[in-house]
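Mind having a look at this structure? Questions to follow.
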Protein chains: 2
Amino acid sequence: MVLLMRLAKILYRRSSEERIGMRARQLVALSYLRDHRDAAQQQLSEALCVDANNLVLLLNELEEAGHVRRRRDPADRRRHRVELTAGGRRALARAERAQAELEREILAGLSQHERASLRELLACAVSAAEEPEPAGEREIASVHA
Amino acid sequence: MVLLMRLAKILYRRSSEERIGMRARQLVALSYLRDHRDAAQQQLSEALCVDANNLVLLLNELEEAGHVRRRRDPADRRRHRVELTAGGRRALARAERAQAELEREILAGLSQHERASLRELLACAVSAAEEPEPAGEREIASVHA
DNA sequence: TATTGTTATACTCTATAACTATA
DNA sequence: TATAGTTATAGAGTATAACAATA
């Protein structure tokens, strides 16, 4: 856990804007939006661990850059659905290429196979953490994978 | 990479002071100090990715709490060596127990074996990132492990 | 003169609370 | 009245720069 925090900090420090073409936070948001089409802001706020108000500022940046678009949900007009634009997709692809290079640098101590394992484990952990469980009954889980 | 940043943020958010008995940053620092006895502040600053001035503030907190002690290095009196006190060791142990419980919660989607693998991979990556390589010659590395 | 650590200050990021509109 | 999003403001966190002590 301590290790995870330290590695994340190393990564964050090196993910400068000139290096990957956008802020690290923006990259995380765009990446999430690609995997979860038309997410509502509330959902984004929870998934990215960003307070609702901060999310507004983040989305303002992204919308101004033309990377995302906010549309009112016809079903519930209080809601805004956020979608990735074509330009946002391209910017995301560029950023991910740069990020992959950075990844190779930082994880130079790991073999390709180990890096793949790490990615898989993280994906599994994050997706499990994403579903906050229907209600209670956490004890039974995590016995096997 | 994005996943790593997201997971770290989830972890950081949940590592509240009342939960683990100290700030997350303090835990990271104490943990490092246990593994690297009598580190100089400069070394700490680099390893923890904390600017030298912020490190001073962090160490002030820790020293005030009685968890660490600063001593001048007799060999180079400009240097301060930071050491963990007995109280610091106890506080660290308590925090790590609480943190381990949190870990089980957050990584509930992973089996015990998977969690162990993750820990190992992270340790490997961090320790590799710790040595910034003698100089140049990064291209040859990272072909195999 | 260069380096280690410290202090002072300014800036960025994040969180708390009040506000608008829809339900 | 409650919820989704926005705005305003304050607080925490972080970085830039000048400083003191030692080499």
Side-chain angles (χ1 to χ4, degrees), chain A residues 5-6 8-19 22-29 32-33 36 38-64 68-83 132, chain B residues 5-6 8-20 22-29 32-33 36 38-65 68-83 132:
Chain A
M5 295 204 246
R6 282 185 57 196
K9 199 158 189 183
I10 292 172
L11 181 64
Y12 190 83
R13 277 296 181 94
R14 295 233 238 152
S15 301
S16 61
E17 192 166 355
E18 67 261 22
R19 176 90 197 241
M22 63 176 68
R23 308 268 202 96
R25 267 173 282 125
Q26 299 181 330
L27 169 58
V28 175
Y32 183 88
L33 280 169
H36 302 78
D38 293 331
Q41 292 188 198
Q42 200 180 20
Q43 180 188 346
L44 276 166
S45 166
E46 279 178 31
L48 305 179
C49 289
V50 176
D51 280 18
N53 42 15
N54 297 325
L55 183 67
V56 170
L57 303 175
L58 178 54
L59 289 178
N60 288 348
E61 287 173 19
L62 289 171
E63 201 162 32
E64 214 165 318
V68 304
R69 196 165 27 228
R70 275 183 266 217
R71 290 183 315 166
R72 280 200 178 279
D73 185 341
D76 182 344
R77 290 183 42 73
R78 291 174 301 185
R79 238 182 217 121
H80 279 171
R81 300 265 167 206
V82 185
E83 64 178 3
Chain B
M5 294 204 246
R6 281 185 58 196
K9 199 158 189 183
I10 292 172
L11 181 64
Y12 190 84
R13 278 295 181 96
R14 294 233 238 152
S15 301
S16 61
E17 192 166 355
E18 68 261 20
R19 176 91 196 240
I20 62 166
M22 62 176 68
R23 308 268 202 94
R25 268 173 283 126
Q26 300 181 329
L27 169 58
V28 174
Y32 183 89
L33 281 168
H36 302 79
D38 293 331
Q41 292 189 198
Q42 199 181 19
Q43 180 188 347
L44 277 168
S45 166
E46 280 179 30
L48 305 180
C49 289
V50 176
D51 280 17
N53 42 14
N54 297 326
L55 183 68
V56 170
L57 303 176
L58 177 54
L59 290 178
N60 288 347
E61 287 173 20
L62 289 170
E63 200 163 32
E64 213 165 320
V68 304
R69 195 164 29 227
R70 276 184 266 218
R71 290 183 315 164
R72 280 203 178 279
D73 185 342
D76 182 345
R77 290 183 43 72
R78 290 173 302 184
R79 243 186 211 116
H80 279 170
R81 299 263 167 209
V82 185
E83 63 177 3

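Just the heavy atoms: all of them, side chains too, but no hydrogens, waters or symmetry mates, feed the values below.
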Check: A:R71 side chain, A:R81 main-chain N or O, donor-acceptor pair, under 3.5 Å =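 Checked: no pair found.
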
Integer-rounded Å distance: D:dT7 C1' and A:D51 CG =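 So the CG-C1' distance, A:D51 to D:dT7, works out to 14 Å.
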
Rounded off to whole Å, could you give me the CG-to-P distance for the A:L44 and D:dA4 pair?
-> 13 Å

Using heavy atoms to find the nearest nucleotide of DNA chain D for A:R13 and A:L57 separately, return the residue whose nucleotide is more 5′.
-> A:L57

Quick one: is B:Q41 getting a side-chain N or O under 4.0 Å of the C:dT6 phosphate, OP1 or OP2?
->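 Answer is yes, contact under 4.0 Å.
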
Of the nucleotides C:dT14, C:dT4, C:dT6, which one has an atom closest to the side chain of B:K9?
->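 The answer is C:dT14, which lies nearest to the side chain.
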
Validation row: A:E63, A:V82 side chains within 4.5 angstrom (heavy atoms) | no

Heavy atoms, side chains only, cut-off 4.5 Å: are B:R79 and B:R72 in contact?
->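 Not in contact.
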
Sub-4.5 Å side-chain heavy-atom contact between A:R23 and A:L58 = no

Separation of D:dT14 C1' from B:Y12 OH (nearest whole Å) =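 The answer, rounded to whole Å, is 11 Å.
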
Rounding to a whole Å, what distance do you find between A:N60:CG and D:dT7:C1'?
->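 Rounded to whole Å, this separation is 10 Å.
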
Other residues, nucleotides, ligands: >12 heavy atoms within 6.0 Å of A:E17 CD =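 Check passes, neighbour count above 12.
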
Ignoring the backbone of B:H80, work out which of D:dA15, D:dT6, C:dG5 is nearest its side chain.
->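 Of D:dA15, D:dT6, C:dG5, C:dG5 is nearest to the side chain of B:H80.
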
Classify the nucleic acid contact of B:R81 as base, sugar-phosphate or nothing, counting any heavy atom under 4.0 Å across all strands shown.
->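 Since no nucleic acid heavy atom lies under 4.0 Å of B:R81, the category is nothing.
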
Which comes earlier along DNA chain D counting from the 5' end, the contact point of B:R25 or that of A:N54, where each point is its nearest nucleotide?
->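 Between the two, 5'-proximity favours A:N54.
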
Could you state the atom-to-atom distance from CG of A:L55 to C1' of C:dA15 in whole Å?
->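 These atoms are roughly 14 Å apart.
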
Closest listed nucleotide, where the reference is the side chain of A:R79 and the choices are D:dG5, D:dA15, D:dG13 = D:dG5

Are A:N60 and A:R70 close enough that some pair of their side-chain heavy atoms sits under 4.5 Å apart?
-> yes

Any side-chain N or O of B:Q42 less than 4.0 Å from the OP1 or OP2 oxygen of C:dT4?
-> yes

Atom-to-atom span, CD of B:Q43 to C1' of C:dT3 - whole angstrom |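 It is 16 Å, rounded to the nearest whole Å.
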
Taking the side chain as C-beta and beyond, is there a heavy-atom pair between A:L48 and B:R6 under 4.5 Å?
-> yes

Once each nucleotide of nucleotides 17-23 of chain D is scored for protein heavy atoms under 4.0 Å, what B/S/- sequence comes out, 5' to 3'?
-> B----BS

Return the value, rounded to whole Å, for the distance between atom CG of B:L58 and atom P of D:dT14.
->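 The answer, rounded to whole Å, is 10 Å.
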
